[in-house]
Every structure is written in C-alpha cells, then in structure tokens.
Number of protein chains: 2
Amino acid sequence: MRPTTKDLAKAAGVSLATVDRVLNGRPGVREKTVKAVNEAIERIGFVRNLSAANLARGRRYRFQFLLPEAGDDFLTTLVERIEESRAAFLSESLEISMRRVLSNDPHITAKALARVLPAQVDGVAIMAPESPQVRDATTRLKQRGVEVVQFITGQPGLRPLDFVGVDNNSAGATAGRLMGRFLGERKGKILVVSETMNSLDSVERRLGFDTVLTADFPNLSALPSLETYGDRTRTEKVIANSYANHPDIIGAYLMNSEARQPLEALCHTSDPMQQVIIAHERTGYTEDKLRVGALDAVIAQNPGHLVRSAIRVLKARTEGREPLASQERIRIEIYIKENLGQL
Amino acid sequence: MRPTTKDLAKAAGVSLATVDRVLNGRPGVREKTVKAVNEAIERIGFVRNLSAANLARGRRYRFQFLLPEAGDDFLTTLVERIEESRAAFLSESLEISMRRVLSNDPHITAKALARVLPAQVDGVAIMAPESPQVRDATTRLKQRGVEVVQFITGQPGLRPLDFVGVDNNSAGATAGRLMGRFLGERKGKILVVSETMNSLDSVERRLGFDTVLTADFPNLSALPSLETYGDRTRTEKVIANSYANHPDIIGAYLMNSEARQPLEALCHTSDPMQQVIIAHERTGYTEDKLRVGALDAVIAQNPGHLVRSAIRVLKARTEGREPLASQERIRIEIYIKENLGQL
DNA sequence: ACCTTGATGAGGTACGTGCCTCAGAATTCG
DNA sequence: CGAATTCTGAGGCACGTACCTCATCAAGGT
C-alpha cells in the first residue's frame, strides 16, 4: 500500500494539519518542523495523490485559446486538436475553450484581449503576431490576474512571458540545411515565399535559412522574400514574375503555414519535380504533395503537442508552479515521403 | 458547475445505483433504463470524473518493462524515461517497474517470461527479438492473465498482440531516401552495418532501405549487411575489410541502435566527412556526431513516447478497453544538426 | 504576570465516484 | 394466483486530500 498523508503525519510525528500546511506551502509551521516532515516524505516514500488532491480542492481551471479568424489548413488541424483536448482534459478538471477573434490588425486583437475577463477565464493562449498594442493588452491582461502564454507565434525569451512553439530560427535553418543537401552540387537561386515579413516568425525563419545557406552552400542564393499577404491573385502574380525574372530558380522555401496557394501558383509557372521545394506544417495537403513528390520535405510542429503544452504551462502558472521548460520544448519535425506513417 | 452522478440520476429519473450500473456496464439494468440514462448523459453533458473514479476504485495497476541486459546508449535513455514515468504515473495509480533480464538467447528470455507472476504484475512490455520460444512463453503469459505488449522490437500486426514501436520498414525507407537525396548525383557503394540480421527489425529496415535505393537511386548500390554481433574487435575488422575491398564507398547506414562502435571503427579507416552517414536513435553520442558533422542524419523514435505509449496500451488492455491505435502510432523522427534543439 | 502571537494538534466536512447491502417493486414462471 | 426471479432504489462507507474551526501551548513583549 502506498503511504497516505495519515502515514506521513505519523512518521513525521506531527498532525495531519501540519502535514497539510507543509505540503501546500502554507504558513504557520516552524522551519524545523518543515524539515522533519520533508525528511519523513523521503523516508517513507510518500507520493501525493494528485487525483485526490484535485478532487478535494474541487478547482476547475478555465483556459482559452485565442486564434486568428483566418483559417489555413494548419489552423484547422490546430482547432481539431483543441477540440480533442477539450474532451480529454475535462476529466482533469480543466475546461478548455476556444475563440477565433484575432485578426491581423493589432488594434482589433488588443480589443479582443481587453474583453477577456478574469472571472470567466484563468488563462489564455494567444496566437497573434507581436505588436506594441498586443504587448500592452497582454500586460494589462496579466495584471488583471489572467495567465498568458504566447502560442506558436511570438518571441521566445524576449519577454517575461511563456512561449509555446518552435524556435523559428532553427526551423528556418533546418529548411536551409535540407535545401542545400537535397540540391547537392546544383547551382542556382532559391525562391522564398512568405505571407508577410512583418511577423517576427517569418523574419526568424528567413534568418535561420539564410545563415545556413550562406555558410555552407555558396552554390545557392536565396531571392528576397516574396510576400503574398494571403491573397491568391497576388500570390500568382509575384511568383510568376519571379520565375520570369530568374530562369535559374532550382528550389523554393514556402515559409508560412499555408502552403497551398504558393505551391499551386508555383506549379502554374514551373515544374515542381525539377526543383527542391520545402514547406511548413503537416496537413492533408502537404502530405499529399509529399507523397506525389511535389514537395521534398516539410518542416513541422506537432499541433497536438502544441496544444497540450500550452495547457500544461497555463496550468502550472495558475497553480503558481514553474513549468518544466525541458518538457515543453516543441520539436522541429522533418517529414519526407517515407516517414509520414500510414494513412 | 459540472453535472455529477447525482445530477445524472435525477435527470434520468433513476437512482444513483442504476447510474453506476450503467456507467460501468454492470448487469441488472433493463435495456430501456440504460437508454434513458444514456440520453440523460447526452442531455446534461455529463462527463465522468476520472480522478474521483480512480480514487474510489483504489485500483493499482502494476506494469513491468522487461529489457535486455546489454546496454547501448539508446537502452540507457530508455531506462531513464522509464524511471521518469515511474514517478509520473504513480499519481495515476500505476506502478511501473523494470527488469533487465532478457538476453539474446531465446531460451533464457522465455524462462524469464515464465517467471512473471500474475499476482505481482498486471502487464508487461517485452523488448526481445522474435523467436518461437519467446512467442510460446508470451502466449502462456497471456493465458495466465497478464497483458503483454511487444516493445520496440517485434512484428506489428502479425500476431494478435499489441506492438509499440516504429514501422521498421518505413524507418529503413526513410534512411534510404535521405541517403539518396544527400548523395545527389554521386555514384558509389553504401556500407550497411547491423548488429545481427537475425532479428526481424534489421531485416525490415534493410528491406525498406533497399526498396527505396533500387527504385529511385540507381547510382547507389548497397553492400551486403555487415554483422557486428556487438563485438568491438569484430566490428573493427569487418568494417576495415569492407573499405579495403570497396574503395568507392560513399555512404554508410548504421542500422542498429548502437552507433558508437561502428562509427568509431569507420572513422579509423576512412573519413566520415567525405561520406553520408546515417544512424539510428537520438543519444548523446549521435547528437554530438550530428553537431560536428560526422553523422548526416539520425532516424529516431522518441523513448519517452515509446514508454508512455506502452503504458497506455497496457492500461487499456487491463481495463478491457481497445487502445486508440491512431494515438499510439510512434513517429519516425528525422534529426539533422539544425533541429536538435538547444542544450 | 498578563496579553499577543505563532506553532501546532484534533477533528470534522467535502469532493465525485465505486461498490456494497438491503429492501421493495416489477416481471416471469409454473 | 402465488412463488421465484429479476430489476431497481435508498443509503452508506470508502478512497486520499483540502480546508476549515477550535483548542492548546510556548515564547516574547510590555
């Protein structure tokens, strides 16, 4: 039988009340007594029963994901994972909700953040590009007692705010390395397509990509980033232009999570099989394109991990704990045709 | 407030006892009543509180990992993950233990399996190569009421037994594709090193590797698999021989989870930087070698995921549930220098 | 010596569910 | 129709912890 608090109290020679105070870090216990209890914990191998604790506490944490309105394939799978987590975490007394209110306009985003009430939500995971307005709104939100994590997009380490997502610099570098290795000795230009270079994520990916290319692959030169602004017509136009101006393009790096539009545009003016094309995020679309060979590699972050990690971080913060940084590091995944797995 | 069983009983117009019988699929309830309760569950959105249920049930499942004695780096990190899980799952009423008793001799393995007692263990995760003896011992173990999963090594889908690990055919194919792409137009031979080709895993990896190479990279030809039998001297000898006999070796595929010995042997007789070398499993050693460029890519399976997945499967089986196959699929990870992550 | 304060003990209730018993109601069978 | 059988309800204890109140005791200040 596992030792309980009662056993612990007996072993430490104190009462249940004192054990409780020590375990929950409440005041009113002498330093010496605290030490005695902790020693007893070690000695008898006491392990707190979290189920019982949560049950007794009867606390319910309510966390909310704030996502952009616009929806590419990646965002769609992200939403699915959140829905799944909602069900899974319900039995752990966590109520996960989701609101798709954020837009690219920082003012609107800030307004949405201002409407988040501490009475309704204990923590939020925000997926919105960095901007002064959003930063201020976030700070005010924290002051009102709501925990906040930056989700997928944001700047890790720069602010005293948790970040859940990949290191975009490394992600870009990974893409760069694969591009270089896959192209081998071939000489030519690399097309780089982004939705916008106004977001920190894009800048970092680009930086990582360029760093590797210039350091190790002098045979390749990356063109200036094309910005699509998420507009189909514009995408078609700028990509067609690039191929017209640079007949020696031998590869393309599609930086944003929506690969469909740029890849389709690219196919309209050139042959993807003759080039090395690397995109981001694993979706049904990118899987298909990997399988048929139109894409050569996909750099991805696992949506399920992202969601669960954000929830764990929010929970830790709400309970006043420090999240386990090592466990919450999101891996940069590489997919090629062969390791997609069945189905 | 979330509805409880009490609310559910009221909503369904039955007593708590009946609700309990329906929820736990116990007999003694009319079909009509069952339906009424289920409808009420839907209607009021009842979600079972697993914490409370586990607490009340007070059940403890005891699962055991049976691992080989011999210890390469991968096995070491695996052991670490099991230790971690032990602590983490304790609060979920799961007692995880570990025994390192299995050897390469199927008779000894079978004997070890025979010594597993249902009174002491509810389920075991076995990491041992396929063999008739092991198969029989496993079958008898199941008959004695102990749940069994094949762990990392084994044959997925072939037997009515759960398997937790990667699809080795795909893993080999992944290695093959990367080898081919990294080598580009270069012509030459590929060294293939395995601990032994007697295990199904090695055979499958080799098969997947060859399939890709012959289909898509006619410029490359893979040499017959070298078997090291885990012996340092032998490893040095066979590898030196190969390089002597085949001066046109331009790449190497190190198939087993212990990359150190073959890679060191390889470095003694040739320059790893002039070749494309792909190994398996992410360990401190392979990370180092990726960073310095001696390794070009590593195909890996996540030890933490493996352990947790095996535990989840065992738990599901013990409770008479079907494990969620989709969730327990282990990904084939690809690592290069850039996506190793900090640390 | 009196009062305040802090450190504990003792004991209770509550959390939501599992699981048991007992009694009564409904159904089936002879 | 009565007996046997099968359902169902009521109620209670248990699980391990949180959290509350009240009482006690010692140390320190005035």
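Chain naming here is simple, since letters A, B, ... match the order of the sequence lines and numbering starts at 1 in each.
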Exercise for review: Quickly, which of A:R282, A:R331, A:E281 forms a side-chain hydrogen bond (donor to acceptor under 3.5 Å, both in side chains) with A:Q301? Name it, please.
Suggested key: A:E281
Study note, to complete from the structure: A:L16 CG to D:dT17 P, in whole Å, measures 9 Å
**Study point:** Validation row: B:T5, B:F46 side chains within 4.5 angstrom (heavy atoms)
**Key:** yes
Check your understanding: Would you say A:T4 reaches D:dG16's phosphate, i.e. side-chain N/O to OP1/OP2 under 4.0 Å?
Key -> no
Review point. Just how far, in rounded Å, is P of D:dG16 from CD1 of A:I44?
Key: 13 Å
Practice item. Evaluate the side-chain hydrogen bond (donor to acceptor under 3.5 Å, both in side chains) criterion for residues A:R48 and A:N24: first the C-alpha distance (whole Å), next the side-chain angles of each, then the deciding distance (0.1 Å), finally the verdict. Key: CA-CA 11 Å; A:R48 212 161 164 177; A:N24 295 289; 2.5 Å; yes
**Study point:** d(CZ, A:R48; C1', D:dC19) in whole Å
**Key:** 13 Å
Practice item. For B:R21, answer base if it contacts any base atom (sugar-phosphate contacts may also be present), sugar-phosphate if it contacts only those atoms, and nothing otherwise; contact means non-hydrogen atoms under 4.0 Å. Key: base
Point to revise | Listed nucleotide nearest any side-chain atom of B:A56, set D:dA18, C:dT21, D:dC15 | key: D:dC15
Check your understanding: Is there side-chain contact between A:V79 and A:T76, with at least one heavy-atom pair below 4.5 Å?
Key -> no
Review point. Looking at D:dT17, C:dG18, C:dT8, which one has an atom nearest to any side-chain atom of A:R30?
Key: C:dT8
Practice item. Look up atom CD1 in B:I126 and atom CZ in B:R99, then write down how far apart they are to the nearest 0.5 Å. Key: 11.0 Å
Check your understanding: Any side-chain N or O of A:S15 under 4.0 Å from OP1/OP2 of C:dT8?
Key -> no
Practice item. Report yes if a side-chain nitrogen or oxygen of A:R57 is closer than 4.0 Å to either non-bridging phosphate oxygen (OP1 or OP2) of D:dT17; otherwise report no. Key: no
Exercise for review: Starting at atom CD of B:E31, determine the distance to atom P of D:dT6, rounded to an integer number of angstrom.
Suggested key: 17 Å
Review point. Taking NZ from A:K6 and P from D:dT17, how many angstroms apart are they, rounded to a whole number?
Key: 10 Å
Review point. Between A:P27 and A:A17, which has a closest nucleotide on DNA chain C that is more 5'?
Key: A:P27
**Study point:** Nucleotide nearest A:N49 (side chain, heavy atoms from C-beta), chosen from C:dG9, C:dT17, D:dT17
**Key:** D:dT17
Practice item. Please tell me which of the listed nucleotides, C:dT17, D:dG16, D:dT8, lies nearest to the side chain of A:L55? Key: D:dG16
Review point. Does the side chain of B:T33 get closer than 4.0 angstrom to OP1 or OP2 of D:dT8 through an N or O atom?
Key: yes
Review point. So, is A:T5 near the phosphate of D:dT17, with a side-chain N or O under 4.0 Å from OP1 or OP2?
Key: yes
Exercise for review: Tell me which nucleotide among D:dC19, C:dC19, D:dT21 gets nearest to the side chain of B:R26.
Suggested key: C:dC19
**Study point:** For atom CG of B:D7 and atom C1' of C:dC15, their distance in whole Å
**Key:** 13 Å
Practice item. Starting at atom CG of B:N24, determine the distance to atom P of C:dC19, rounded to an integer number of angstrom. Key: 6 Å
Practice item. To the nearest Å, give me how far apart CG (B:L23) and C1' (C:dG16) are. Key: 12 Å
Practice item. Kindly say whether B:F63 contributes a backbone atom to a donor-acceptor pair with the side chain of B:D122 at under 3.5 angstrom? Key: no
Point to revise | Closest nucleotide among D:dT17, D:dC19, D:dG9 to the A:A52 side chain | key: D:dT17
